[in-house]
Each structure stands twice: as structure tokens, then as C-alpha cells.
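One structure is given here, and the rest of the page talks about it.
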2 protein chains.
Amino acid sequence: MSRLAKTDAETVRAHNRLAVLDHLRRVSVSTRKSVSEATGLSVSASSAISASLLRCGILEEVEEDDRSNRRGRPGKGLGLSGGAACVAALKLAVGEVSGRLSDYAGRPLAEIRREVDIASHDGAALVMLLADLCGALRSQAQGRSRPLDKVVVAVQGKTDSGLSGIVWSPALRHRDIEIAAPLTARLGAEVSVLNDCSVMPEAFRWQPDFAGLDFATLFVGFGVGMGLQISGETFQGKRSSAVEFGHINHVPGGALCRCGNRGCVEAYASDYAIWRRAKGTDEIAARRIRDEEIHALAEAARAGDAAAATAFEEAGIAIGYGLGRVFTMIDPLPIVLTGSGVQAIDRLEPVIRRGIAESAVDGLGADTPLILEEDTDALVFDAATAYALAALDKGFSRSAPEATEAA
Amino acid sequence: MSRLAKTDAETVRAHNRLAVLDHLRRVSVSTRKSVSEATGLSVSASSAISASLLRCGILEEVEEDDRSNRRGRPGKGLGLSGGAACVAALKLAVGEVSGRLSDYAGRPLAEIRREVDIASHDGAALVMLLADLCGALRSQAQGRSRPLDKVVVAVQGKTDSGLSGIVWSPALRHRDIEIAAPLTARLGAEVSVLNDCSVMPEAFRWQPDFAGLDFATLFVGFGVGMGLQISGETFQGKRSSAVEFGHINHVPGGALCRCGNRGCVEAYASDYAIWRRAKGTDEIAARRIRDEEIHALAEAARAGDAAAATAFEEAGIAIGYGLGRVFTMIDPLPIVLTGSGVQAIDRLEPVIRRGIAESAVDGLGADTPLILEEDTDALVFDAATAYALAALDKGFSRSAPEATEAA
DNA sequence: AAGACTTTTTCCAAGCCTCGTAAAAAATGG
DNA sequence: CCATTTTTTACGAGGCTTGGAAAAAGTCTT
């Protein structure tokens, strides 16, 4: 058997149509001419493809504003047709579910957040809750939405490699919960279930400053998680869907982690780890440490509280060594940081960089760019939405050329 | 700008020709019909492509032996034409250079190994040495070789991301040595310079048991290195070309490593680390520890020598924790082990598995398959040769359709 | 040993994309 | 109001794959 699949006319059409859609994702409004320039396609091909996509209702002609007295025939603006589809990004975390509804052009239509004690929910209850959330989003969007075409559920915890359910989550008591199939049955939309941290890089899929860039997203808060963007692909493991950065061992036989092992990065750098270290206990708090408590600890550290200062220092070192290990294995990568850790970045950054310097070969990566993103929810919604839209784009590009209708 | 390149007829042809070549790499001899089945191409297309490649001299018709009284017209055997090209795999290590010459079908034509003190060689001397090695290989092959088309140099140490030279090597005193350009000038063949450990997965590129499989190659010996095969691609970093597994930190502030940092895996698991631990010293031996010395230490450990036993135990734990960290980040992967570590595998394997169990989430991967490859040189030659041939295949598949010659 | 049957190859018309060029369309400028 | 510039559409051509028919080259049966 050959690993390489054959290529034929259909593959070519799909690929080039996708290239056109991908370009429009980046620039949002373009013309046939500039599509041709950006994709490398001839103007004829660009025009033909645009025409086909327009007939399908995937694209629409829009008014360009930049009529800045340029000579010649003005290009007709092309843009993704918002009405072509509707996607939902749902987020499932400890004690809360939330979601965002967006149209095919990526414009948000509605957003919602509910504090719910889902710990004891089983599969059926969870699916009902998520379906209900989608309903609430649609009614909040009034008439501006259409039936859902794609739903992406980002969950705290381990998801299965088929993107179909949850293996384990700190938010839930039950394990191995199937989500995709039953939720699809209820909503009529394709459903993918992913780990919240591992999808995060998708948020930057069409952002010009990240084009073609390898980078990592790092979440430091309730837990510690990472998303990896390598050679243009968001890394998804085979076994689970997560880069379990928080559970990379930091110190053999070290502090007890929630996962049962000793010495994980999370056992030093997550909220509960910082909290217990500052409070001088070895126990893992049963309750969730609130972001405000971390703020307060950071304030204390700034004010000279030795225990709090040490807690943040050890957290930073653990993160730094973890990053150093990743950099040694993969490559030094720019880091997008989010979570409660952002609030204490003044405490963390110097020690993180020290940790990298001490653990990476030649200290390479100690000066890597660190980009802060305060709003974790927005980041996850952006990411899950981008993931959903990319999946739709792929489907649309593959679909058969519309039947010739007019005589 | 769009990240997606356009696709046209030329791309299609190149892709499908490559699919045919790729299939022939796996099965070595095939027919037009079975090429069609394996690639998914129609019989017509398979036949047309084969005809074109035959005219180019890239393929040749061969006699099939398995004339096992099957009915119907027998298929004409198709195989890669050995004479179509000639590649050299060179290996540069501490105190020795070696190489293998192969034809386009991958059949070895000559092999050579020279113990040379290259420590003080500069770029010019090194290039001369390598060029001379190629000359010796060709004369050893008698008339069966043709001018070289591609040369791959596998070096112990860090190579640059352009695959053009050596950043640093334990075998050399000089740094930043440019190899590709001057060697190409001398030989007239394309040259790529890669890290020996990171190319190793290429050795399994066309092996059926590894088809589509993600796995890692692990070298434990003079140093500790790793090669990663992930989603069908051999991982090559951007910055260097290596997965610096040996320098992933094991214990913060731990044993001194050759790289200057403290606590690297290599500082526990490489030959010099095992040797110094068994001898009760902290110093890094200036000389290279010979494989026989490791054998002797393993024998001593088996006979009950406590210091030797501890040395191997700590080495195994370091490797196990290192693997656990990799598995946590990427995925549990089957491991192909090579180097002097193979000789002491009875001492190492149990502790390696214990290390994985203690450091990976849920101990996942502690039972990962461990495949032993005693002959490191052969593995590197296989890998570098496969890499070279794959590069040629890509070039051949892209080259213009041969000019129609016959009337 | 000749004809029937099977399987592999080759040959040829057709289809689908893309490409390049020419013509048409839609604005600006003098 | 006409020349100029720029974008879009229209049309013929080329390349590669496809599917079916015909040819080729064996084995099996009578």
C-alpha cells in the first residue's frame, strides 16, 4: 500500500477552492484580482471559482469602502457570506458552561455563560445541558441565526482522539462520556470535542502576525495546559487531544499532583499549588481556588510576604523548566500566555526565563517572546470557532460544483 | 497572503508520479495493475505514468519470479532502475568517518569506515576528507556506480536548520562549519547535513510494519539522542535539526552535563555518565568511553557490583523520566533503541519502564514496545540513504515529462 | 493441439481544471 | 466627451485522469 493518495481533478478543485476561502478568512473582503494574486491562481481561475462559490451562496458580493479615487474599473468586493452557515463554540469548565454563536463569516451572534454544578452530571444530562445552551444562544441571536452546522466543545480535561467525547475531566465525576453522537442527534450538526488548551492555537489560524509561525499557547490557572502549533498544524495527539504540559514531570518524586504522580509542573504552578505553598500546607484544596485569591497572593508577594513570594517563584521555575524541556525537544517557541498566571506575570516572568536558561541547551529560548492574553474565555471561543469554520471551509470546498441551473 | 499554494496539472502529475515511486520503494517490484490498486489511480493512469518513468530510465522492467501458475496474462514486473542515480550516506562521529554508497534502487554498492582523528579539522579539511571518502566508495564499487546525485552527511552534534553545515559537534574543535556548498562544488551532487539521531526514523520510511506509525528512535551511547516520526513526518526542528532528548532536564540542579547545564538526561544515561558514576567520580572523562567498557560495567552489575548496578539504575530512571516527559507532551510512542545501551538492556529496561510509569500521566506508555537495533551504523546508513532517495524521488517526480523522441 | 477463458496492457475519446489572450466593462482624467 | 487604466468575463488550448473497448499473453479444458 502506498501512503500517498492519488490526485485528480476533484482534488485540484477542492484544494484551490479552499485556497480561495482561506484567503478570504484572512482579509475578510477581497476582489477576484487580489484573490488571484494571493493564491497564485490565474485571474480566470480565481474568477471561475468565485463565481461558483457565489452561486453556492458561500460567498457574496459586498460594497468596498476604500473607493480612494483609484483609476480603472473598481473590483467588486468578495466576502464570506455570513448566512452560509452557523457555528457554536461551547466551553465546559469546572462549575460553568459557556458558549458563543457565530455566523459563517466569523461574526459573533450571541454569547452566554452559566454557572452550573455539573460535577455529578452523566452523559445524558451533559448532552441535554449543551443542547439547551445552543438553544439559548440561538434565541438570543433572534432571527439572525440559522440551524447549527458545526459545534465544537472545548473541555477542561482529557478528550478522546476521535474528538467524540470526554475521557476524564476535573469538572465531572463520571468518566468516558460520549458527547458527539448524541449531541449531533439532537442538533443535527457535526460535533467535535477537544481539549480547551490544545485548540487554543486555532485562535490565531488566520491572524497575519502568526501566519506560518510555530508557537505555543500556555494556560496557567486552575490547571496548566499547552497548545502547540507546529509547521502550520495544531498538534493533536493520537491518544488524547492534549499536550499535557501540566503533567510533564518537573522534579522526580516532588510535590503531589492532582493526577496522582509526584513532581508534575502543575503541582507547582497551578492555582492550587501556589495557594497551598503560600498557605504552608501539602494538601490539595478540594474547592476551586478563585482567580481573586491568586490576585491577592500576588499582591501579598509584591508587598513582601515571603511565603507568597516563594510560591510564585517555585511556580515560575517549574514553568520555566517545563518550557526549557519543550524547547529542547521541539524548538524555542513564542508563547501566548493566558489564565490567572497573566495577573501575576510580574512575579512569574523573571523566574520563568531563569528556568528556561537553566534547562535548555545554551539557554536557548530564554528570551522568547511572551504574549499575554487576559481573556481566556474569548481565546477559547475564538479558537473553537476558527476550528469549526475551518472544518466547514473544507467541506464546502469539497462539495460538488453546483448543478448548472439557468438555461 | 494565503498559506495554501494553488494546485495545477503539473502538481497533479508530480504528486501521482511520486505516489508510484513511493509504492515501488515499498514493494521493490510490482506491475502496472498492482500499482494502480495501491495508489488508487486508474489502470490507464498507472500505465501512462509507468511508461513515462520507463522512458526516463527511472524505472525498468524486470523479470518476475512468482510465476505461480496463475491464469491470465502475466503482469510485466516494474522496478526502480538502480542505474538511475547514485547516493552516498556519510557518517561523521568522534574519531571516525564512515559511509555507504547505494544505487537508486537502494542496493548497497560499497561501504567504508575509517578511524581518523578529525578533532582539529577545519571546514576545508573536513570537506576534503568527505570528498575523499566518496571517491574511495566509488572506486570500491568498481564500475557499478555512476557519479553521485545526492549525499547525506549524518553527524554527531548540532546541525543548522538549512541542512547545510555543522553548528557544533563533540567530534570537532571548530564550530559553525559549512559543508553543503563546498562539498557540492567538489562532487557535483546535492548535499544535506543532518543530525545522526534525528534522521534515524527515515530508516523505516518504507518498511511495512512502520507504515503510518508514529514512533521514536532512541540512541543511548556516547551521547543520548532521539529521532521523532510524527504523523508520517520525520521531525526536523527549525533552529537545529535535532530533538535534543539527551539534554532534556531530568533533575533541576543535578549532575553536570557536557553541555554545561546541570541535570540533563545525558548526564545520567550516556556512556561517560554511567562510567563516572560506577567509578565514583564527578568528572567528565576527556576521552571517549569505549563500548567494551560499558559491556564490562554491565557484566559487573550483573555480577553484583553495587556501584555499577546503581549507575545503570540511575541511567534507566533518567531515560524513563525523559520518555515519560516526551510521552506526556506528545503521545506514548514505540521506541527503537540503539547504541551501547542495547548491550545493557537487561539492566536498563525495567528501570526505564519504572521511570515512565512514575512520570507519565496514568503511567501511560510504560508498556510501550521497545525494539532493539544493535547495529547503529547500519541504522544511520539506512536512514541517510532513505532520506537521500526520497529527495531524489521528489525531484524525479517533478521533472518535466520527457520530450517525445521516437517518431 | 486448438479453442475457451482470464487477466493484464494498451489505445482512444471524453471530462475537468487551469492557463493565456482577447474582448468587454466600469471607473478616472483631461 | 473621449482616451486611459484597471478589473472582469469569454473562449480556445493544453495537460492529466478516467472509463471502456480492443489487443496481448498466458492457463485450462476438451
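Within every chain, numbering begins at 1; the chains are lettered A, B, ... in the order of the sequence lines, protein sequences first and strands thereafter. Note that these values count all heavy atoms, side chains included, but never hydrogens, waters or copies made by symmetry.
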I need the CG-C1' distance between B:Leu78 and C:dT9, as an integer number of Å. 11 Å
Rounded to whole Å, the CZ-P distance (B:Arg55 to C:dT10) equals 11 Å
Check nucleotides 1-4 of chain D against the protein and report each pair of N or O atoms closer than 3.5 Å, with its distance, or say if there are none.
residue: D:dT4; atom: O2; partner: A:Arg71; partner atom: NH2; Å: 3.3

If you look at every strand shown and take non-hydrogen atoms under 4.0 Å, does A:Ile49 touch a base, only sugar-phosphate, or nothing? sugar-phosphate
Could you list the residues that satisfy side-chain contact (heavy atoms from CB on, under 4.5 Å) with B:Ala378, not counting sequence neighbours? B:Arg100, B:Asp375
Between A:Ser192 and A:Lys150: side-chain donor-acceptor atoms closer than 3.5 Å: yes
Between D:dT17 atom P and A:His15 atom NE2, what is the distance in whole Å? 17 Å
Results of side-chain hydrogen bond (donor to acceptor under 3.5 Å, both in side chains) for A:Tyr104 - residues two or more places apart only: A:Asp393
My understanding is that only residues two or more places apart in sequence, or in another chain, count here; which of them pass salt bridge (Lys or Arg N to Asp or Glu O under 4.0 Å) with B:Arg146? B:Asp149
Distance in angstrom units between A:Lys33 NZ and C:dA27 C1', rounded: 15 Å
Name the closest nucleotide to the B:Ala45 side chain, picking from D:dT17, C:dC16, D:dG26. D:dT17
Distance test, side-chain N/O of B:Asn16 to OP1/OP2 of D:dT17, below 4.0 Å: yes
Of all residues at least two apart in sequence or in a different chain, which pass the side-chain contact (heavy atoms from CB on, under 4.5 Å) check with A:Lys76? A:Arg32, A:Glu61, A:Arg73
B:Thr7 meets the side-chain hydrogen bond (donor to acceptor under 3.5 Å, both in side chains) criterion, sequence neighbours left out, with A:His15
When A:Ser34 and B:Glu10 are each assigned the nearest nucleotide of DNA chain D, the 5'-most assignment goes to A:Ser34
Rounded off to whole Å, could you give me the CG-to-P distance for the B:Leu59 and C:dT9 pair? 13 Å
Taking CZ from A:Arg398 and P from C:dC17, how many angstroms apart are they, rounded to a whole number? 15 Å
Are there any protein N/O atoms within less than 3.5 Å of an N/O atom in nucleotides 9-11 of chain D, and if so, which ones and at what distance?
residue: D:dT9; atom: OP2; partner: A:Arg32; partner atom: NE; Å: 2.8
residue: D:dT9; atom: OP2; partner: A:Ser47; partner atom: OG; Å: 2.7

Between C1' on C:dC16 and CG on A:Asp8, what's the gap in Å once rounded to a whole number? 10 Å
Name all residues meeting the side-chain hydrogen bond (donor to acceptor under 3.5 Å, both in side chains) criterion together with A:Ser397; count only those two or more places apart in sequence or in a different chain, and write none if there are none. none
Within the structure, does a side-chain N or O atom of B:Arg13 lie under 4.0 Å from either OP1 or OP2 of D:dT17? no
5' precedence on DNA chain D between A:Thr31 and A:Ala9 (nearest-nucleotide basis): A:Thr31
Can you measure A:Glu37 atom CD to C:dC19 atom C1' for me and round it to whole angstrom units? 16 Å
Do A:Arg13 and A:Ser52 have a side chain donor and acceptor closer than 3.5 Å? no
Taken in chain and number order and not counting sequence neighbours, the residues that satisfy side-chain hydrogen bond (donor to acceptor under 3.5 Å, both in side chains) with B:Ser44 are none
